[in-house]
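Scroll down for the structure; my scribbles are underneath it.
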Amino acid sequence: MIAIIGAGIGGLTLALALHQRGIACTIHEAAPELRPMGVGINVLPHATAELQALGVLPELEAAAVETQEAAYFNRFGQLIHREPLGRFAGYRSPQLSIHRGTLQMGLLAAVQARLPGALRCGRRAVAVETVGDMARLAFADGDVVEAEAVIAADGIHSPIRAQFFPDEGPPVYSGVNMWRGTTRMAPILSGATMVRAGWLAHGKMVVYPIRRFDDGTVLMNWVAEIETDAWSANDWAKPGRLADFLPAFATWRFDWLDVPAMIEAADQVLEYPMVDRDPLPAWTHGRATLLGDAAHPMYPRGSNGAGQAILDARALADALAGGDVPGALAAYDAQRRPATAAVVTTNRSTPPDVIIKHVWERTGDKPFADIRDVISAEEMEATLDRYRQVAQYDRARLAPG
């Protein structure tokens, strides 16, 4: 029996992957009940391929928008670069833009159907120890359970990670604060475009649809990012105030999008600082290990947070299928820790939208007459392909059809 802490995307995916391989598990979730939270996320082709293998992709795809392209703009609305994504770029699996809650609830429904009784809510895990050939997991209410292994998929504030690294301190603030929202509106550009526009010194926007409605409108997910020293502790549910960021985007009215109107029409706005943590020297301690944001929280710069957790789940389930639990945990650590550390550090330095930064620097934050005089298409594609290779979803690796 494997004990999983946390019923987020990583924990639920791991439960499904273990079940598929005939390995029993329980999931211990601190919340008294699971409800859809957050806003939009993107799931890249390497991760949707794993969801396909688990048999959950069709239902999730029906509730999402299949992302067709990425488009990069400066803050004057001028197109810098456009590239196809997912199946439109030749991958066998799609890139999906989806509400985080929709993804989590879809995974939850599959867990409840395939592993009835495995999920136990209201169970806040606080500590783990290895005793002989078992892991002993303690809860806030004093209860203790034993398992062959404990997998902490309990997020960026993981008590288990804090137990392993008590002197680590809080998450590291990037200097960028984010306001996230969703707005029901008419589609823009291709109708399935992921937009990155502007740069952080004057404000940056990420915009993409995550749901379609029968009347032709979409639920547009957007993220406003601004460099600032003013921020508060990260809380996914903290309401945001328009007055704190809307003025930075007051002039962003383009023929393809009125940004202030979109922001003002939002049905919700959440404030969240862009934070991560430094890569760890080890995830595995005895018969316990970390997964997802508990192991490698990263900046949301490359649409990779959820995807890397899904890849963690596949790798760990494959390792555990061999039957040697200590060896499996060690092999998982050796495989996934360096891979995700590379994504964490690359998201800090050269994420995909760094091409906008290059344009901002080379033009002095002014409109350009011809983008080819500023940066070549070959340079931009090379930058984007380097990121795909680091994040392990380059075309050669996934063998596009």
To the nearest 0.5 Å, tell me how far [X] [atom1] sits from [Y] [atom2].
{"X": "T183", "Y": "I263", "atom1": "OG1", "atom2": "CD1", "answer": "8.0 Å"}
{"X": "L329", "Y": "D324", "atom1": "CG", "atom2": "CG", "answer": "9.0 Å"}
{"X": "R180", "Y": "L270", "atom1": "CZ", "atom2": "CG", "answer": "8.5 Å"}
{"X": "K204", "Y": "F249", "atom1": "NZ", "atom2": "CZ", "answer": "9.5 Å"}
{"X": "R87", "Y": "R92", "atom1": "CZ", "atom2": "CZ", "answer": "12.0 Å"}
{"X": "W199", "Y": "I355", "atom1": "CH2", "atom2": "CD1", "answer": "10.0 Å"}

Residues [X] and [Y] bridged, charged N to O under 4.0 Å:
{"X": "R388", "Y": "E381", "value": "yes"}
{"X": "D276", "Y": "R301", "value": "no"}
{"X": "R277", "Y": "D293", "value": "no"}

Between [X] (side chain) and [Y] (backbone), is there a donor-acceptor pair under 3.5 Å?
{"X": "R287", "Y": "T284", "answer": "no"}
{"X": "Y91", "Y": "Y393", "answer": "yes"}
{"X": "N74", "Y": "Q78", "answer": "yes"}
{"X": "Q163", "Y": "V128", "answer": "yes"}
{"X": "T13", "Y": "I310", "answer": "no"}
{"X": "S158", "Y": "D154", "answer": "no"}
{"X": "R211", "Y": "L219", "answer": "no"}
{"X": "E148", "Y": "I2", "answer": "no"}
{"X": "Q20", "Y": "A53", "answer": "yes"}
{"X": "T217", "Y": "F213", "answer": "no"}

Near [X] [atom1], under 6.0 Å, is it more than 12 heavy atoms from other residues, nucleotides or ligands?
{"X": "R21", "atom1": "CZ", "value": "yes"}
{"X": "D370", "atom1": "CG", "value": "yes"}
{"X": "D267", "atom1": "CG", "value": "yes"}

Against [X], only a single residue in [options] fulfils side-chain contact (heavy atoms from CB on, under 4.5 Å); can you say which?
{"X": "W179", "options": "L246, V223, I226", "result": "I226"}
{"X": "H296", "options": "V343, D312, L290, L280", "result": "D312"}
{"X": "I210", "options": "L96, T102, V39, N221", "result": "N221"}

Heavy atoms only: give me the nearest [X]-[Y] pair and the separation to one decimal.
{"X": "A3", "Y": "L137", "value": "CB-CD2, 4.3 Å"}
{"X": "V207", "Y": "W222", "value": "CG2-CB, 4.1 Å"}
{"X": "A197", "Y": "W252", "value": "O-CH2, 3.6 Å"}
{"X": "G8", "Y": "E29", "value": "N-OE1, 4.5 Å"}
{"X": "P209", "Y": "M220", "value": "N-SD, 3.4 Å"}

| request: For the pair L291 and L316, evaluate side chain to side chain contact (heavy atoms under 4.5 Å, CB included) and give the outcome as yes or no after the intermediate values. | output: CA-CA 9 Å; L291 184 145; L316 181 53; 4.1 Å; yes
| said: Pairing donors with acceptors under 3.5 angstrom, does anything connect the side chains of Q308 and R336? | reply: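 Side chains of Q308 and R336: pair found under 3.5 Å.
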| field | Any side-chain donor near an acceptor of the partner, N42 and S97, under 3.5 Å | value |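 Checked: N42/S97 side chains pair up, N/O donor to acceptor below 3.5 Å.
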| message | Is there a side-chain contact between V259 and F254 in this structure, where contact means two heavy atoms from C-beta onward sitting under 4.5 Å apart? | response |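 They are in side-chain contact.
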| Aromatic rings H202 and W360: how do their planes relate, parallel, tilted or perpendicular, breaks at 30° and 60°? |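 Rings of H202 and W360: perpendicular, as their planes differ by over 60°.
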| message | Would you call the rings of Y332 and W283 parallel, tilted or perpendicular, taking 30° and 60° as the class edges? | response |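 The arrangement is tilted - the two ring planes meet at 30° to 60°.
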| task | Evaluate side chain to side chain contact (heavy atoms under 4.5 Å, CB included) for D278 paired with E168, printing each intermediate quantity in order. | result | CA-CA 9 Å; D278 292 334; E168 183 179 30; 5.7 Å; no
| Result of checking R372, R362, R386 against E379 for salt bridge (Lys or Arg N to Asp or Glu O under 4.0 Å) |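 Exactly one candidate clears the test, R362.
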